[in-house]
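Basis for what follows: all heavy atoms, side chains included, without hydrogens, waters or symmetry-related copies. These numbers were taken from a predicted model, which means no experiment stands behind them.
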Amino acid sequence: MYDVTQTPIFGLLLTIIFYNLGRFIQRKTGNPIFNPLLIAIICIIAFLSITKIPYEAYKIGGDSINFFLSPVTVVLAVPLYKQFELFKENMLEIIIGITAGVLVSFVSIKILGGALNADSSLLNSLIPKSITTPMGISLTNSLGGVEAITVVAIICTGILGAIISPLVFKIGGIKHPIARGIALGTASHALGTTKAIEMGEVEGAMSGLSIGISGTLTVILIPILIKFL
């Protein structure tokens with residue numbers, strides 16, 4: 001008998017159905033806490049648990065989606081191209097802002113880990129939390145971290161950034177579109193960028209730019225800083 005759960009189409013359809021369910025719920029409620037990705041993750045876990053379908057069956061299709069993660073981020077270069085003159089005018093400030101974000105992310109993990117007496121492998125798994133999944137997995141493997149923890153940390157960071165960023169900007173009085181975009185892209189990678197695009201074209205362009213620069217800086221600087229800290 002043909003078993004559809006053993007084919008890539010099962011994981012693909014399951015992801016598409018629950019993600020669109022999440023989008024529907026978010027549109028109906030208007031509440032940012034109902035993030036489509038978060039809803040999709042919860043629903044997929046619940047569905048697999050109730051039906052007793054092994055995760056490995058879903059992963060066949062999930063890996064197909066994961067394959068396109070890196071190429072899809074190239075699309076984020078389109079709004080940057082439209083705002084390239086704005087980038088050149090503010091290049092120094094943008095680079096400084098992104099670098100500061102990368103360093104704060106690293107230092108905060110080290111301080112929190114030290115305070116909680118966390119294992120070094122756990123810390124190394126959390127360090128790449130603010131960069132894209134492909135770069136984060138590569139970095140955590142080189143640092144001796146746990147790939148699964150890194151993936152969860154990256155997803156949670158992106159979702160949290162997309163949810164709380166409007167509130168943070170409101171409390172902090174952050175209204176400049178470049179500042180908003182840089183903050184979202186540096187702290188919350190591609191998921192934060194989707195929120196930035198909702199805020200405006202400039203925010204989306206600067207956030208997309210921040211993904212590449214912050215990821216590159218993290219991969220280059222963090223292994224060096226770890227040797228000294």
Answer with yes or no whether the hydrophobic clustering places [X] together with [Y]; edges join I, L, V, M, F, W, Y residues whose side-chain heavy atoms lie under 4.5 Å apart.
| X | Y | result |
| --- | --- | --- |
| Leu122 | Val107 | yes |
| Ile45 | Ile17 | no |
| Leu184 | Leu37 | no |
| Phe169 | Ile94 | no |
| Leu21 | Phe34 | yes |

Provide the closest heavy-atom pair for [X] versus [Y] in the form atom of the first, atom of the second, distance.
| X | Y | value |
| --- | --- | --- |
| Lys175 | Arg180 | CA-NE, 3.8 Å |
| Thr218 | Pro223 | O-CD, 3.8 Å |
| Met199 | Ser165 | CE-OG, 3.9 Å |
| Ser125 | Thr150 | O-OG1, 2.8 Å |
| Ser105 | Ile127 | OG-O, 4.5 Å |
| Pro128 | Ile154 | O-CG1, 3.5 Å |

**Prompt:** Given Ile42 and Phe18, is the side chain to side chain contact (heavy atoms under 4.5 Å, CB included) satisfied, shown in steps?
**Reply:** CA-CA 9 Å; Ile42 294 173; Phe18 285 129; over 6 Å; no
So, taking the atom named [atom1] in [X] and the one named [atom2] in [Y], what distance separates them when rounded to the nearest 0.5 Å?
| X | Y | atom1 | atom2 | result |
| --- | --- | --- | --- | --- |
| Cys43 | Leu38 | SG | CG | 9.0 Å |
| Thr193 | Glu203 | OG1 | CD | 11.5 Å |
| Ser210 | His189 | OG | NE2 | 13.0 Å |
| Ser214 | Ile98 | OG | CD1 | 6.5 Å |
| Lys195 | Leu191 | NZ | CG | 12.5 Å |
| Leu139 | Ile131 | CG | CD1 | 5.0 Å |

Working note: Tyr58 + Phe47, criterion side chain to side chain contact (heavy atoms under 4.5 Å, CB included); need CA distance, chi angles, decisive distance, verdict.
CA-CA 11 Å; Tyr58 167 77; Phe47 179 83; over 6 Å; no
Any heavy-atom pair between the side chains of [Y] and [X] that's under 4.5 Å?
| X | Y | value |
| --- | --- | --- |
| Ile226 | Asn124 | yes |
| Phe10 | Ile53 | yes |
| Phe24 | Asn20 | no |
| Val102 | Ile213 | no |

Electrostatic pair Lys59-Glu56, nearest N-O below 4.0 angstrom: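 No, this pair does not count.
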* To do: Please answer whether the main-chain N or O of Ile25 pairs with a side-chain N or O of Thr29 as donor and acceptor at a distance below 3.5 Å.
  => yes
Would a distance-only check, ignoring hydrogens and angles, find a side-chain to backbone donor-acceptor pair under 3.5 Å from Thr186 to Ile182? yes
Please lay out, stage by stage, how Leu14 and Leu48 fare under the test side chain to side chain contact (heavy atoms under 4.5 Å, CB included).
CA-CA 10 Å; Leu14 201 63; Leu48 295 178; 4.2 Å; yes
Run the side chain to side chain contact (heavy atoms under 4.5 Å, CB included) test on Ile159 and Ile41 for me, step by step, so that the C-alpha distance in whole Å, both residues' side-chain angles and the decisive distance to 0.1 Å come before the verdict. CA-CA 11 Å; Ile159 292 174; Ile41 291 172; 4.3 Å; yes
